[in-house]
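We name chains A, B, ... by the order of the sequence lines, and we start the count at 1 in each one. Since this is a predicted model, take the numbers as computed values, not measurements.
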Amino acid sequence: MAYWLMKSEPDVYGIDDLAAEPDQTDHWDGVRNYQVRNMMRDRMQPGDLAFFYHSNTKVPGIAGIMEIVSTGYPDHTAWDPESNYYDPKSDPDNPRWYMVDVRFQRRLERLIPLSELKAEPALSEMALVKKGNRLSVMPVREAEWTAILEMEHADGRG
DNA sequence: GCCAACGTTGGC
DNA sequence: GCCAACGTTGGC
């Protein structure tokens, strides 16, 4: 069982959108980065848990928790010319892009802002808080997962 | 195989 | 809206 953090822009698709889906389940499509593709295709397993991170918004931060409910499988939006994620170079016989299914678990009691995550010493090794990091999906160590959950009930000022 | 140009991410 | 940092592309 592994832990992850997955970013999405809430103006495009936020945790409220996932919670509103039938079965509160959706596929995490549109990943077009090879490092992230490899994680989804090779490492994610049903039962893994992931933080839902809101990026590119007024207060970026961790908004909730979801469960991975499938292994990686080909991202069909790459073959849909109508899709924003269309990639004519992805061959159906040799899919270039993969996705997983995720199920809403819960919102955090408060959004934990990136500014607090950056200030937490236990998280200093996370790619999330490092300058220039652009991965939209990243592994989270168990100790980091626990530290973040403890922050959920803190007052936000240390 | 190098690397400059380009497009994108995402915090601020 | 700006722009630094990064990944990808494609000419050579």
Original post:
Out of B:dG10, C:dG7, C:dT9, which nucleotide sits closest to the side chain of A:R96?
Top reply: C:dT9
**OP:** Give the rounded distance in Å between these two atoms: CG of A:N33 and C1' of B:dT9.
**Re:** 10 Å
Original post:
In whole angstroms, how far is the P atom of B:dG11 from the NZ atom of A:K118?
Top reply: 8 Å
**OP:** Would you mind telling me which of C:dT9, B:dG10, C:dG7 lies closest to the side-chain atoms of A:Q35?
**Re:** C:dG7
**OP:** Classify the ring geometry between A:F52 and A:W28 as parallel (under 30°), tilted (30 to 60°) or perpendicular (over 60°).
**Re:** perpendicular
**OP:** Please state how far atom CG in A:D87 lies from atom P in B:dT8, giving the value in whole angstrom units.
**Re:** 13 Å
**OP:** Compare every heavy atom of A:A50 with every heavy atom of A:I68, then report the nearest pair and how far apart it is.
**Re:** CD1-CB, 4.3 Å
**OP:** Take atom CG of A:L135 and atom P of C:dA5, then tell me their distance rounded to the nearest Å.
**Re:** 17 Å
Subject >> Side chain of A:K131 - closest among C:dA5, B:dG10, B:dG11 >> reply: C:dA5
Original post:
Over how many whole Å does the gap from A:N56 atom CG to C:dC3 atom P extend?
Top reply: 16 Å
**OP:** Check the distance between B:dT8's C1' and A:K7's NZ and give it to me in whole angstrom.
**Re:** 12 Å
**OP:** Could you work out which one of C:dT8, C:dT9, B:dG11 sits closest to the side chain of A:K89?
**Re:** C:dT9
Subject >> Integer-rounded Å distance: B:dG10 P and A:Y13 OH >> reply: 18 Å
Original post:
Would you call A:R43 and A:P139 a side-chain contact if the rule is heavy atoms closer than 4.5 Å?
Top reply: yes
**OP:** To the nearest Å, give me how far apart CE (A:M6) and C1' (B:dT9) are.
**Re:** 17 Å
Subject >> OP1 or OP2 of B:dG11 under 4.0 Å from side-chain N/O of A:Y53 >> reply: yes
**OP:** Taking only the side-chain heavy atoms of A:L114 (C-beta and beyond), determine which of B:dC12, B:dG10, C:dG10 contains the nearest atom.
**Re:** B:dC12
**OP:** Please confirm whether A:Y34 and A:W97 have ring centers closer than 6.0 angstrom.
**Re:** yes
Original post:
Can you name the one residue among A:L117, A:L108, A:T146, A:I62 that meets side chain to side chain contact (heavy atoms under 4.5 Å, CB included) with A:M151?
Top reply: A:L117
